[in-house]
Amino acid sequence: MDRVTVRQLVSGAESYAEKQVTLNGWIRNNRDQKSFGFIALNDGTHFNTIQIVYEREFLPNYDQVAALGVGSAISISGKLALTPEARQPFEIKAAEINLEGESPSDYPIQPKRHSREFLREVAHLRPRTNLFTAVFRVRSLLAFAIHQFFQEKGFVYLHSPIITANDAEGAGELFRVTTLDPKNPPVTDGEAVDYSADFFGKKTNLTVSGQLEAEAYALAFKDVYTFGPTFRAENSNTPRHAAEFWMIEPEIAFADLNDNMDLAEEMVKYLINYLLDKAETEMGFFNQFVDKGLKERLENIKNSEFARITYTEAVDELKKAKQKFEYPVEWGKDLQTEHERYLTEKVFYKPVFVTGYPKDIKAFYMRVNGDQKTVAAMDLLVPGVGEIIGGSQREERAEVLEQSMADFNINKEDLWWYMELRKYGGVKHAGFGLGFERALMYLTGVSNIRDVIPFPRTVNSCEF
RNA sequence: UCCUCAGUAGCUCAACGGCAGAGCGACCGGCUGUUAACCGGUAGGUUGCAGGUUCGAAUCCUGCCUGGGGAGCCA
C-alpha cells in the first residue's frame with residue numbers, strides 16, 4: 001500500500017488509478033448523510049484538498065468518522081478513483097479512516113469566510129485556511145526565486161550581520177541590543193549610561209540594513225546580495241510597515257544607477273514569471289478571491305518597460321496634474337504618498353522609477369550628481385503598494401563622501417572601514433533594497449503586510 | 001505620533017432612546033453523490049471596560065482599551 005501526498009496525486013493521478021493508497025492530513029470539511037459522507041482533506045503538500053468518500057457499508061467506525069470535526073487529523077487508506085465528470089478530477093474511496101488527532105467543536109476556523117482581523121488573532125491556526133495556505137506557499141516560492149535569480153547571475157549571497165554598531169540610515173529608530181540591567185545600568189561620571197561596559201563594549205542595535213557591509217563585499221566579489229531579517233523600531237502603524245521584515249539588498253560594483261535600475265527591473269519581471277509558472281494554483285486563487293485584476297496586471301508588466309522619470313520631471317508632471325493634492329508639490333520636498341500613487345496609478349499605470357532626488361532628503365552615501373543639488377537615487381513605485389524598492393549609486397569619491405557625512409552629522413570615526421573602501425580600490429558601485437513582504441503583497445494582491453508574515457511583529461503587538 | 005471609523009452570540013452582521021435578532025458555526029434529528037451541501041429543531045448575550053445623562057441606554061456624552069483605514073516615517 002502506497003503512502004502518497006496530494007502533491008504526488010495532483011501531478012499524476014492516472015498512475016495511481018484504482019490502486020490502494022494511504023494519506024495523512026487535516027479535515028477542512030466533513031459532511032455525512034445516512035449511509036455515506038465526504039471529507040475534504042488537506043495534507044499540507046498542496047493548496048488543493050482531496051475528497052474522501054466514506055460509506056457505512058465499508059467503514060466499521062462510520063459513526064465516529066461522521067462525527068469528526070473540522071481541524072481533526074486523520075490517516076486514511078483507500079482506492080483512488082478518477083472522476084473526470086466531477087468537480088474534482090479524482091477522489092479516494094475510503095477503506096479505513098483512523099483518527100490521529102481530534103479537534104473539538106470549539107475549533108475557531110470554520111468552513112466559511114473569516115475576516116483577516118479575526119484570523120490574525122489565531123495566527124497559529126490561520127495557515128490552515130485557503131488564503132494563508134496560498135500566501136505562505138507563495139512566500140516560500142518567492143524566497144527561493146530570489147535566490148535563484150541572483151545565483152543564476154553569479155551573485156554571491158552575503159550574510160550581513162544582524163547585530164551591528166552602525167546605523168545605516170542615520171535615523172534613530174533602532175532596537176537596542178544590550179545585556180545591561182535596565183534598572184541599574186553602569187553610569188559614567190556624567191551619569192550617562194556607560195555602554196563601554198555593555199556586552200560588545202559599545203552601543204549596539206539590530207540591523208536596519210545590510211547595505212554598508214554589502215558594499216564591502218561587492219568591492220571583493222563584484223556582485224553580491226543579502227537576504228535576511230531587518231528590524232525597525234518606527235512607531236508606524238500602517239498596512240505596509242512591520243517591525244521585523246525581510247529585505248533583499250543587491251550591491252553591484254563597476255556599475256552605475258542605470259545598471260542598478262536594469263537589475264531591479266529584470267528581477268521584478270523574473271519574480272513575476274516564476275510565480276505565474278510555479279504557483280499557478282495559488283496565483284489563480286489570488287486572482288479570483290483577493291484581487292480580480294492581479295493576473296492581467298502582472299502579465300502586462302512582464303511585457304512592458306518600466307517607466308523612468310527624474311524627480312524634477314515628476315515634480316513638473318505633478319504640477320500639471322488636474323487632480324488636487326492635499327500637500328502642495330514643490331521642488332526640494334519629498335514626494336508624498338498621494339503624489340507617488342498618482343504617478344504610478346494615474347500617469348503610467350505600471351511600475352515607475354523615480355531618480356535624481358534632492359540630496360538633502362536622501363541618505364549620506366548616495367552619489368552626488370554633477371548639478372551638486374541631486375543624488376543618483378532611485379525609488380521604484382508600483383500601483384497599489386507604493387515604494388517597494390529604494391536604491392542608489394553610492395558615493396565612491398572619498399572627499400565628496402567625507403563632505404556628505406559632515407553635512408549629515410555622521411561620525412566618520414565610526415565608519416572608518418567604510419571610508420577605507422574608497423581608499424583601497426574603490427570603484428563606482430550601486431545597489432538597492434527590496435522589501436520582501438512588499439514584493440509579496442504586490443505579487444499576491446494581499447493588501448496588509450500582517451497577512452504575508454507568519455507571525456507579524458508591529459508596534460504593541462508581539463503575540464505568538 | 002496625528003486624523004478617522006468601528007467594537008453586539010464562537011464568526012459575519014442587524015437593531016440606532018422603549019421586550020437584543022438573523023445567517024453561518026456548535027449540538028440533536030432527517031436526507032443514496034455532496035463539495036462554503038440541503039431540510040427541521042435546540043442551546044448560545046454583563047452589547048469592549050469605567051463613569052455620566054435619562055423614567056428608561058447596545059443606541060446619547062466623557063475617559064480608557066482593542067482593532068481597521070488614512071497621514072507621517074520607510075522597505
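Quick note on labels: first sequence line is chain A, next is B, and so on, each numbered from 1. Side chains included, hydrogens not; waters and symmetry mates left out as well; all remaining heavy atoms used.
Note on A/Pro108: nothing from the nucleic acid sits closer than 4.0 angstrom, heavy atoms only. Counting non-hydrogen atoms under 4.0 angstrom, A/Ile389 reaches the backbone sugars and phosphates but no base. Residue contacts shown for A/Gln88 include a base, since a base heavy atom lies under 4.0 Å away. Within the nucleic acid shown, A/Asp106 has no heavy atom closer than 4.0 Å to any nucleic acid atom. Across all strands, A/Arg116 comes closer than 4.0 Å to no nucleic acid atom at all (heavy-atom distances). Note on A/Ala242: a base of the nucleic acid sits closer than 4.0 angstrom, heavy atoms only. No contact: A/Phe436 has no heavy atom under 4.0 Å from any strand. Residue-level contact check: A/Glu91 touches the bases, meaning some heavy atom is under 4.0 Å from a base atom.
Using modelled atom types, one finds no donor on one side chain facing an acceptor on the other under 3.5 Å when comparing A/Arg113 with A/Thr129. Counted by atom type alone, A/Gln211 and A/Glu215 present one or more donor-acceptor pairs between their side chains at under 3.5 Å. A/Thr230 and A/Trp246 share no donor-acceptor pair across their side chains, judged by distance under 3.5 Å alone. In this structure, a donor-acceptor pair under 3.5 Å is absent between the side chains of A/Tyr217 and A/Glu251. Side-chain atoms of A/Arg240 and A/Asn448 form no donor-acceptor pair, as typed in the model, at a separation below 3.5 Å. A donor-acceptor pair shorter than 3.5 Å cannot be found between the side chains of A/Glu57 and A/Ser35. Remark: the A/Tyr442 side chain and the A/Glu437 side chain contain no N/O donor-acceptor pair separated by less than 3.5 Å.
The aromatic ring centroids of A/Phe325 and A/Tyr342 lie less than 6.0 Å from each other. Taking the six-membered ring for Trp and the full ring otherwise, A/Phe436 and A/Phe227 have centroids separated by under 6.0 Å.
Closest to the A/Asn448 side chain, of the nucleotides B/G69, B/G33, B/C24, is B/G69. Of the candidate nucleotides B/U12, B/G72, B/A75, B/A75 has the atom lying nearest to any side-chain atom of A/Ile449. For A/Ser236, whose side chain is taken as the heavy atoms from C-beta onward, the closest listed nucleotide among B/G72, B/G33, B/C27 is B/G72. In the set B/G72, B/G33, B/A75, B/G33 carries the atom at the smallest distance from any side-chain atom of A/Lys93.
Between the P atom of B/C11 and the CZ atom of A/Arg126 lies a distance of 17 Å, rounded to the nearest Å. Rounded to whole Å, the distance from CG on A/Asp334 to C1' on B/A75 is 14 Å. Remark: C1' of B/U34 and CD1 of A/Ile52 are 14 Å apart, rounded to the nearest angstrom. Rounding to whole angstrom units, CG of residue A/Asp379 and P of B/A75 are separated by 8 Å. In this structure, CG of A/Leu335 is placed 12 Å from P of B/C74, rounded to the nearest angstrom. The nearest whole Å value for the distance from the CD atom in A/Gln288 to the P atom in B/A36 is 12 Å. Here B/A71 presents its P atom at 10 Å from CD of A/Gln336, a figure rounded to the nearest Å. The separation between A/Glu117 atom CD and B/G68 atom C1' is 6 Å, rounded to whole Å.
The base of B/G72 lies outside donor-acceptor range of the side chain of A/Glu234, with no N or O pair under 3.5 Å. Donor-acceptor pairing under 3.5 Å, judged by distance alone, is present between the side chain of A/Gln110 and the base of B/G10. Between the side chain of A/His241 and the base of B/C74 there is at least one donor-acceptor pair of N/O atoms closer than 3.5 Å.
Using cut-offs of 30° and 60° for the angle between ring planes, the A/Tyr62 and A/Tyr54 rings count as tilted. The aromatic rings of A/Tyr157 and A/His147 sit perpendicular, their planes meeting at an angle over 60°, well past the 30° parallel limit. Note: A/Tyr274 and A/Tyr270 have parallel aromatic rings, judged against thresholds of 30 and 60 degrees for the angle between ring planes.
For A/Asn237 and B/C73, the shortest distance from a side-chain N or O to OP1 or OP2 is not below 4.0 Å. OP1 and OP2 of B/C73 both lie 4.0 Å or more from every side-chain N or O belonging to A/Arg240. A close approach under 4.0 Å does occur between a side-chain nitrogen or oxygen of A/Arg87 and OP1 or OP2 of B/A36. Contact annotation: A/Thr238 side-chain N/O to B/G70 OP1/OP2 distance is not under 4.0 Å. When the side-chain nitrogen and oxygen atoms of A/Ser115 are compared with OP1 and OP2 of B/U12, one or more of them lie within a distance under 4.0 Å. Within the structure, a side-chain polar atom (N or O) of A/Arg450 is placed less than 4.0 Å from OP1 or OP2 of B/G68.
With the 3.5 Å cutoff on both pairing distances, Watson-Crick and G-U pairs in RNA chain B assemble into runs of at least 3 at B:1-7 with B:65-71, B:10-13 with B:21-24, B:26-30 with B:38-42, B:48-52 with B:60-64.
A/Phe245 qualifies as a stacking partner of the B/A75 base, centre to centre under 5.5 Å and near-parallel within 30°.
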Between the protein and nucleotides 40-45 of chain B, list every N/O to N/O distance that falls short of 3.5 Å.
none

Which protein N or O atoms sit under 3.5 Å from an N or O of nucleotides 28-32 of chain B?
| unit_1 | atom_1 | unit_2 | atom_2 | d |
| --- | --- | --- | --- | --- |
| B/C31 | OP1 | A/Lys34 | NZ | 2.9 |
| B/C31 | N4 | A/Asp32 | O | 3.3 |

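Looking only at side-chain heavy atoms (C-beta outward), A/Leu257 and A/Thr355 come within less than 4.5 Å of each other.
Sequence order on RNA chain B of the closest nucleotides to A/Asn460 and A/Gly435 puts A/Asn460 first from the 5' end.
B/G21 sits 13 Å from B/C16 when the P atoms are compared, rounded to a whole Å. For the P atom pair drawn from B/G68 and B/U32, the interatomic distance equals 47 Å after rounding to whole Å. B/C49 and B/A58 have their C1' atoms separated by 14 Å, given to the nearest Å.
Minimum heavy-atom separation, A/Asn24 to A/Asp43: O-CB, 2.9 Å.
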